[in-house]
Amino acid sequence: MRFEKRVWQKCRLIPKGKVSSYKELAKALKTKAYRAVGNALKKNPYGAWQTKGKSCRRQRCFVPCHRVICSDGSLGGYQGKLNSKKKIQLLKKEGIKIKNKKIADFEKKFFRF
DNA sequence: CTCGTGACTTACG
DNA sequence: ACGTAAGCCACGA
């Protein structure tokens with residue numbers, strides 16, 4: 001299993017309305033590759049999990065990478081750029097409040113594996 | 001193997 | 001608060 005896929009797999013464990021950090025994600029993977037986690041999410045197909053040869057088979061392959069943020073509560077990046085509006089929209093839509101580009105009630109919304 | 005590149009984190013100034 | 005530097009690890013060239 002490629003590292004990226006393990007990352008995405010963990011991402012999918014994050015429930016709606018919760019967030020987690022790159023650090024926590026890395027910890028769940030028993031690695032300290034925080035940056036590699038970021039790389040993995042950047043490469044994330046986001047809804048088009050492509051297995052070599054086989055396509056997504058109509059399964060829900062959604063990877064909620066917008067629920068993964070920085071350890072200090074800031075948003076980090078999304079779709080190749082930082083502080084994406086789209087990411088904010090998605091999070092707010094899931095019931096997470098954004099305060100000055102940071103997560104409000106970070107402690108409450110934080111999901112630990 | 002070495003190097004450059006990050007959607008990171010922590011520590012300093 | 002903000003910028004920098006160093007540490008970190010996976011990945012591709």
Side-chain angles (χ1 to χ4, degrees):
Chain A
M1 182 73 84
R2 269 176 86 51
F3 180 78
E4 297 94 321
K5 291 192 177 181
R6 289 192 292 139
V7 174
W8 306 336
Q9 206 166 277
K10 285 292 178 185
C11 276
R12 296 173 66 185
L13 298 180
I14 304 174
K16 184 172 182 292
K18 293 269 191 173
V19 296
S20 192
S21 66
Y22 294 98
K23 183 182 176 184
E24 190 66 24
L25 205 46
K27 205 173 68 175
L29 292 170
K30 297 178 173 53
T31 175
K32 301 174 196 62
Y34 312 127
R35 315 188 74 177
V37 172
N39 284 330
L41 293 182
K42 186 167 72 172
K43 297 174 189 171
N44 150 37
Y46 193 78
W49 182 315
Q50 297 176 0
T51 335
K52 288 177 188 170
K54 292 186 176 181
S55 48
C56 193
R57 287 186 221 179
R58 291 179 205 165
Q59 292 183 316
R60 289 176 52 80
C61 305
F62 178 67
V63 182
C65 52
H66 57 276
R67 297 185 191 140
V68 184
I69 59 180
C70 295
S71 63
D72 64 350
S74 58
L75 295 180
Y78 186 65
Q79 295 183 333
K81 54 183 182 173
L82 276 55
N83 296 321
S84 169
K85 300 295 182 195
K86 187 70 179 175
K87 188 165 183 174
I88 297 176
Q89 302 296 332
L90 287 168
L91 290 175
K92 287 185 70 173
K93 199 167 138 190
E94 297 189 347
I96 296 171
K97 303 287 188 294
I98 307 299
K99 184 73 175 179
N100 192 26
K101 308 247 184 320
K102 287 181 182 291
I103 301 298
D105 300 323
F106 188 42
E107 298 297 322
K108 285 186 162 188
K109 305 296 183 184
F110 192 78
F111 174 73
R112 290 175 176 75
F113 291 95

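In what follows, every chain begins at residue 1, and chains take the letters A, B, ... in the order their sequences are listed.
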Between C1' of dA10(C) and CG of L41(A), the distance in whole Å: 13 Å

Any donor-acceptor N/O pair, W8(A) side chain to C65(A) backbone, under 3.5 Å: no

Short side-chain N/O contact from R67(A) to OP1 or OP2 of dA7(B), under 4.0 Å: no

Listed once per pair and sorted, the salt bridge (charged side-chain N to carboxylate O under 4.0 Å, His left out) pairs that draw on residues 63-89 of chain A, sequence neighbours left out: R67(A)-E94(A), D72(A)-K102(A)

Separation of dA7(B) C1' from K85(A) NZ (nearest whole Å): 16 Å

Given dT9(B), dA7(B), dC11(C), the nucleotide with the shortest approach to the side chain of C70(A): dT9(B)

Validation row: C11(A), L25(A) side chains within 4.5 angstrom (heavy atoms): yes

L82(A) CG to dG6(B) C1', straight-line distance once rounded to whole Å: 11 Å

Distance, rounded to the nearest Å, where D72(A) contributes CG and dC8(B) contributes P: 10 Å

Distance in angstrom units between I88(A) CD1 and dA7(B) C1', rounded: 14 Å

N44(A) CG - dC11(C) C1' separation (whole Å): 16 Å

Interatomic distance, E24(A) CD vs dC8(B) P [rounded to whole Å]: 17 Å

Nearest listed nucleotide, side chain of K42(A), among dC11(C), dG6(B), dT10(B): dG6(B)

What does the list of N/O pairs under 3.5 Å between the protein and nucleotides 1-9 of chain C look like, with a distance for each?
unit_1	atom_1	unit_2	atom_2	d
dG7(C)	O6	R35(A)	NH1	2.7

Over all atoms of both residues, closest heavy-atom pair of F113(A) and A28(A): CD1-CB, 3.6 Å

First of G77(A) and K23(A) reached from the 5' end of DNA chain B, by closest nucleotide: G77(A)

Closest heavy-atom pair and its distance - L90(A), Y78(A): CD1-OH, 3.6 Å

Distance between P atoms of dC12(B) and dC8(C) (Å, rounded): 15 Å

Candidate nucleotides dA7(B), dC8(B), dT10(B), ranked by approach to the side chain of S71(A) - the nearest: dT10(B)

Between C1' of dC11(C) and CD of E4(A), the distance in whole Å: 7 Å

Atom NZ of K18(A) with >12 non-hydrogen neighbours under 6.0 angstrom: yes

Heavy-atom donor-acceptor pair, S20(A) side chain to F111(A) backbone, under 3.5 Å: yes

